[in-house]
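Let me begin by presenting the structure, written as structure tokens, before commenting on it.
Residue numbering restarts at 1 for every chain, and letters A, B, ... go by the order of the sequence lines.
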Amino acid sequence: MARTRVGFLQGLLGSLPIVLAYFPVAVSFGVAAGKSGFSLAEAAFMSFIIYAGASQFLAIALLAGGAGPLLAIVSLLTLNARHLLYAPALLQRVRRTESARQLKVPWLWAHGLTDEVFASALGRLAMKDARWTESWQVGMGIGAYLAWGSGTVVGALLGGGAFERWPAVDAALGFLMPTLFLSLLLAMVEKRHWPVVVTAVAVFAVGSALFSASTGILLGMVAGGLVGMLPGPAAPQVVEGQP
Amino acid sequence: MNLEFLVVCVVVGVGTYLFRYLPTRIGARAGAKALSGRLGAFLAAVGVASVAALLAASLEPLVLAAVSARQFGAAAAAVLGLATTFLLFRWRKDVALATMGGAAVYGLALWLMP
């Protein structure tokens with residue numbers, strides 16, 4: 001029986017759904033960064049070096065809100081620490097398949113192991129001819145990475161005031177953040193997460209009223225995470241469906 | 001690009017890369033075991049909690065303006081935009097479509113309001 005090739009090109013082509021999903025969200029990030037006072041170079045630099053959507057939105061909220069660098073670093077790393085879960089979960093499945101072998105370039109594809117790329121790799125491993133190669137993973141990662149970076153550049157150009165003469169468009173761009181966060185939340189949340197969501201929002205409101213919006217975000221994030229540790233409804237979830 | 005911004009991006013970027021890369025070096029089983037239990041639950045819940053807090057933070061200026069300056073037009077447009085996002089997501093399960101659609105309805109509603 002002929003076997004399906006699972007190489008770089010197949011990975012790159014397989015990244016198309018992620019490319020289509022990432023690009024507009026990255027445009028939203030670029031717009032939000034531009035409207036928060038960050039330059040095109042800063043927005044692009046952040047997207048290419050951090051490459052983690054939710055934490056980039058948190059970064060611009062914190063830095064534009066005047067949070068100190070140490071506080072920003074600790075909170076952003078705490079948020080991104082969930083990526084520790086992905087490689088073990090992926091490799092556990094890879095090693096069950098006949099294509100399992102010694103890894104040669106994990107340093108290359110690891111940078112692209114975002115929520116959606118990880119989920120796509122699991123999808124590939126769930127197929128009938130469950131084959132996975134590092135070159136497929138590199139192709140998948142590069143497609144998604146370039147979409148995120150290029151979308152940020154386009155968004156930062158738009159967010160720099162290019163649409164000020166069209167108030168409806170300018171207002172719509174300014175409202176991208178609430179609609180993006182609501183969409184991401186709807187994509188991530190399950191019934192068992194509601195205690196986490198309610199706690200995060202309530203603690204944000206108190207923290208923001210007493211201190212500042214950026215402190216409120218941090219307190220809400222940590223409080224929600226602690227509620228997630230409680231036994232019962234808010235059990236762990238690995239794939240979260242966010243960039 | 002100021003130094004503070006540069007340092008935050010580089011430290012978080014390198015840290016995030018290591019979060020993704022280092023578990024490939026320690027073995028799948030050991031990595032999965034180390035991250036199961038309460039630590040894994042905390043890390044997973046932090047993602048949901050941060051997006052919820054960011055949503056609340058992004059809406060805070062609109063809520064405050066509606067309450068203190070009685071800018072109900074913007075608040076009504078925001079409700080329309082968020083409802084559109086919610087319905088589009090329920091319909092197509094597409095983050096990009098729901099995000100763009102909700103923002104477009106907000107912009108149009110604000111523009112059409114007297």
Side-chain angles (χ1 to χ4, degrees), chain A residues 21 24 42 45-46 49-50 52 54 57-58 61 69 72-73 76-77 79-85 87-88 91-92 95 106-107 110-111 113 167-168 171-172 175-188 193 196-197 200-201 204 213 217 220-221 224-225 228-229 234 236-237 240, chain B residues 1 4-5 7-13 15-17 19-25 27-29 31-32 35 38 40-60 78 81-82 85-86 89-90 93-96 98-100 102-104 106-108 110-111:
Chain A
E42 287 171 331
F45 183 71
M46 190 184 277
I49 196 159
I50 296 181
F57 281 101
L58 181 60
I73 287 169
L76 296 171
L77 286 177
L79 177 56
N80 288 349
R82 73 185 187 285
H83 290 109
L84 281 163
L85 301 166
L91 295 177
Q92 249 186 343
R95 282 170 186 164
W107 57 269
H111 182 55
L113 209 53
F175 199 65
L176 276 172
M177 279 177 83
T179 57
L180 172 69
F181 293 136
L182 178 61
S183 303
L184 290 176
L185 195 60
L186 291 170
M188 293 161 71
H193 291 130
V196 173
V197 172
V201 171
F204 161 77
I217 292 169
M221 190 177 110
M229 289 170 73
Q237 179 200 24
E240 295 178 339
Chain B
M1 209 180 291
E4 192 176 286
F5 175 87
V7 168
V8 170
C9 285
V10 170
V11 172
V12 175
T16 304
Y17 174 75
F19 289 155
R20 291 166 174 164
Y21 169 66
L22 287 181
T24 67
R25 301 284 80 189
R29 194 164 295 176
L35 295 167
R38 289 193 159 193
F42 176 78
L43 296 179
V46 154
V48 176
S50 65
V51 175
L54 283 167
L55 172 62
S58 68
L59 290 171
E60 190 187 37
L82 293 175
T85 296
F86 178 80
F89 188 84
R90 289 292 296 266
K93 305 280 184 216
D94 184 332
V95 168
T99 301
M100 298 295 179
Y106 172 82
L108 274 175
L110 210 58
W111 184 53

* Side chain, backbone, both or neither: which part of B/Leu110 has an atom under 4.5 Å from a heavy atom of chain A? -> side chain

* Structure fact -> Pair count under 4.5 Å, heavy atoms only, with chain B: among A/Pro167, A/Ala72, A/Pro178, A/Ala61, highest is A/Pro178

* Structure fact -> Taken to the nearest 0.5 Å, the spacing of B/Ser50 OG from A/Phe181 CZ works out to 9.0 Å

* Check each of A/Leu184, A/Leu182, A/Leu180 against B/Leu55 using the side chain to side chain contact (heavy atoms under 4.5 Å, CB included) test, and report the only one that passes. => A/Leu182

* Structure fact -> chain A shares the most heavy-atom pairs under 4.5 Å, among B/Trp111, B/Phe89, B/Phe86, with B/Phe89

* Under the side chain to side chain contact (heavy atoms under 4.5 Å, CB included) rule, what do A/Leu176 and B/Met100 come out as? Steps first, then yes or no, please. => CA-CA 7 Å; A/Leu176 276 172; B/Met100 298 295 179; 4.0 Å; yes

* Structure fact -> Rounding to 0.5 Å, atoms CZ (B/Phe19) and CG (A/Leu79) come to a distance of 10.0 Å

* Is the A/Phe45 ring parallel, tilted or perpendicular to the B/Phe5 ring (thresholds 30°, 60°)? -> tilted

* Interface moiety of B/Ala98 toward chain A, non-hydrogen atoms closer than 4.5 Å -> both

* **Nearest-0.5 Å distance, OG1 of residue B/Thr16 to CG of residue A/Leu76** => 8.0 Å

* To do: Output all residues satisfying side chain to side chain donor-acceptor pair (under 3.5 Å) with B/Thr99, sequence neighbours left out; order by chain, then residue number.
  => A/Ser183

* Among B/Ala103, B/Ala52, B/Ala104, B/Gly102, which has the most heavy-atom pairs under 4.5 Å with chain A? -> B/Ala103

* Go through the atoms of B/Tyr21 and report whether side chain, backbone, both or neither lie under 4.5 Å from a heavy atom of chain A. => both

